[in-house]
Number of protein chains: 2
Amino acid sequence: MSQTVDRALSILPLLAEGPADLGQVADRLGVHKSTALRLLRTLHEHGLVYRQSDQRYRLGARLFALAQEAMENLDVREIAHPHLVRLNESCGHTVHLAVYEENEVLYIDKVESRYPVRMYSRIGKPVAITVAAVAKLLLADLPEHERRAVAEKLDYPAYTARSTPSATAFLRELEKVREQGWATDLGGHEESINCVAAPIRGADGRVVAAMSVSAPNVVVTADELLTLLPLVRRTADAISGEYSGRTPVKGTE
Amino acid sequence: MSQTVDRALSILPLLAEGPADLGQVADRLGVHKSTALRLLRTLHEHGLVYRQSDQRYRLGARLFALAQEAMENLDVREIAHPHLVRLNESCGHTVHLAVYEENEVLYIDKVESRYPVRMYSRIGKPVAITVAAVAKLLLADLPEHERRAVAEKLDYPAYTARSTPSATAFLRELEKVREQGWATDLGGHEESINCVAAPIRGADGRVVAAMSVSAPNVVVTADELLTLLPLVRRTADAISGEYSGRTPVKGTE
DNA sequence: CAGGGGTGTTGCACTGTCTGCAACATTCAT
DNA sequence: ATGAATGTTGCAGACAGTGCAACACCCCTG
């Protein structure tokens, strides 16, 4: 692996925290200012880094464009979207779509609740991996050793009293989820919010994404939310069918 | 500028076109496969590149997370301020910066008029949302259903004879503002005060803030104030460019 | 206005890191 | 099996990246 590139790329997350000047960047990289300058220049030429009027550096527009493209390359998203919208129309709650990648679970699509009380989340934001229903489904599908490895590397923050407390508890939960083919999060992240989720599978049966419906207690109780499970699973299966090319897609051509 | 980093970064736009395997990447970079491999590995470790199941590389989800985090940590106010000051220096009138948040429009920055007659307003104070020029711009950019929902929930106080009288009138005005890309308030809040305003947009084109120039009749007439419109819009555009990190690259070499 | 501390920038010699090569590993067809 | 793809590793040599020190340039303060 390349030292120079490694250093250069380390600058990006650093700048994501907020603008920084040359000295700060050099310090946090542990290199000489002149070195940092040259790295920043290179990043700048590629548009990943931008220099604002006070001379400080921040992430540049090119990065946003790339992120956009990366998103568009995820074709599950494209296929799933109309289904998510339809589900949202029929139940009214917030619908999420998430994928697993490199020890993280990320929301890649979201359809907002039609109720005034909304839950906070944002596309691109990493999910609370130890408690979210979608995360459970995605991790439960990993090969056994990998699953164990990931579970043991994670932190288990106690967001609420119902948060997953430890790696062993998490692995047990994953086993359960794996068998039943769906997952829930009942107040594990935020006291008053519940989710039910179902997996989306590719042609080989592997889970490629997971979707969930979330709603706060004040709108529907956990039990009421659970009655939506069949609908959520049907939707996920429909997406799976289309994604794996089993279901003929009606429409153009 | 750094050759290694340059090469590594050139991989990103290349992958943005679609997934590619090691050979393709090496070819298009004009380097040996082993070199390309090491670069890709480094990118991979930083999550910027993801290796899909068929071993081909594509852009990684970490790009999102970065872009997303950068957006959240960006402070419009900080970026806009020097521009507002410059505008104030060239026209002399009061300049405001405002954002929309939770059904309210708030002033978040202000540069005072240099004329003795000043208008009353305060940073952090909610704006007269149904009449202020900045409010019109911010609301005009909301998705249609949300805009309608907000408009119908509002009160329409008759500050003056020219105040917006009703939700339907307001929605009509928002439609107009949306199309022309700028807004005015001619005596809608206080009989003798006029404003012209322009929107500030983020990388995705959404309006993130709005700025205005305000002056009382006794200093300049409404028509005279309107001649400042191009200048106001240029300033807003400059801020937009800087905020979204896409202002033309100035400087070195 | 001189002086001092804070930036960012440049030229240069050295060294350490990146490079390309060639051999190896692995998978897939045939 | 055999061959042709692909991805991977170790190595020696070369050159690109590094840190240094000197410079340029503010913006203060006395």
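The sequence lines fix the lettering, A, B, ..., with proteins before strands; numbering per chain opens at 1.
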Measure from [atom1] on [X] to [atom2] on [N] and round the result to the nearest Å.
X	N	atom1	atom2	result
B/Leu22	D/dT9	CG	C1'	13 Å
A/Arg56	C/dT7	CZ	P	13 Å
B/Leu39	D/dG7	CG	P	15 Å
B/Leu40	D/dT8	CG	P	10 Å
B/Arg7	D/dC15	CZ	C1'	11 Å
B/Asp27	D/dT6	CG	C1'	13 Å
B/Gln55	C/dC28	CD	C1'	12 Å
B/Lys33	D/dT8	NZ	P	10 Å

Using atom types as modelled and distance alone, determine if a side-chain donor or acceptor of [X] lies under 3.5 Å from a backbone N or O of [Y].
X	Y	value
B/Thr42	A/Ser2	yes
B/Asp21	B/Tyr57	no
A/Tyr107	A/Lys110	no

- Residue met sooner reading DNA chain C from 5', once A/Gln3 and A/Gly23 are mapped to nucleotides: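 Of the two residues, A/Gly23 wins.
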- Message: On DNA chain C, compare the nucleotides closest to A/Arg38 and B/Gly30; which residue's is nearer the 5' end?
- Response: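 The residue whose closest nucleotide sits nearer the 5' end is A/Arg38.
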Ignoring backbone atoms, establish whether [X] has a side-chain N or O less than 4.0 Å from OP1 or OP2 of [N].
X	N	value
A/His32	D/dC20	yes
A/Arg41	C/dT10	yes
B/Thr35	C/dC18	no

- Query: Of the options A/Val49, A/Val31, A/Leu40, which is the one that meets A/Val25 in a side chain to side chain contact (heavy atoms under 4.5 Å, CB included)?
  - Reply: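 The single option meeting the side chain to side chain contact (heavy atoms under 4.5 Å, CB included) with A/Val25 is A/Leu40.
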- Message: For B/Cys91, run the side chain to side chain contact (heavy atoms under 4.5 Å, CB included) check against B/Leu225, B/Leu228, B/Thr227 and tell me which one passes.
- Response: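 One option only clears the test, and that one is B/Leu228.
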- Task: Report yes if a donor N or O on one partner sits less than 3.5 Å from an acceptor N or O on the other, where the partners are the side chain of A/Ser34 and the base of D/dG19; otherwise report no.
- Result: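 Answer is yes: a donor-acceptor pair is held.
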- Message: Heavy atoms from C-beta onward define the side chain here; which of D/dG17, D/dG19, C/dT9 lies closest to that of A/Arg51?
- Response: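 The listed nucleotide nearest to A/Arg51's side chain is C/dT9.
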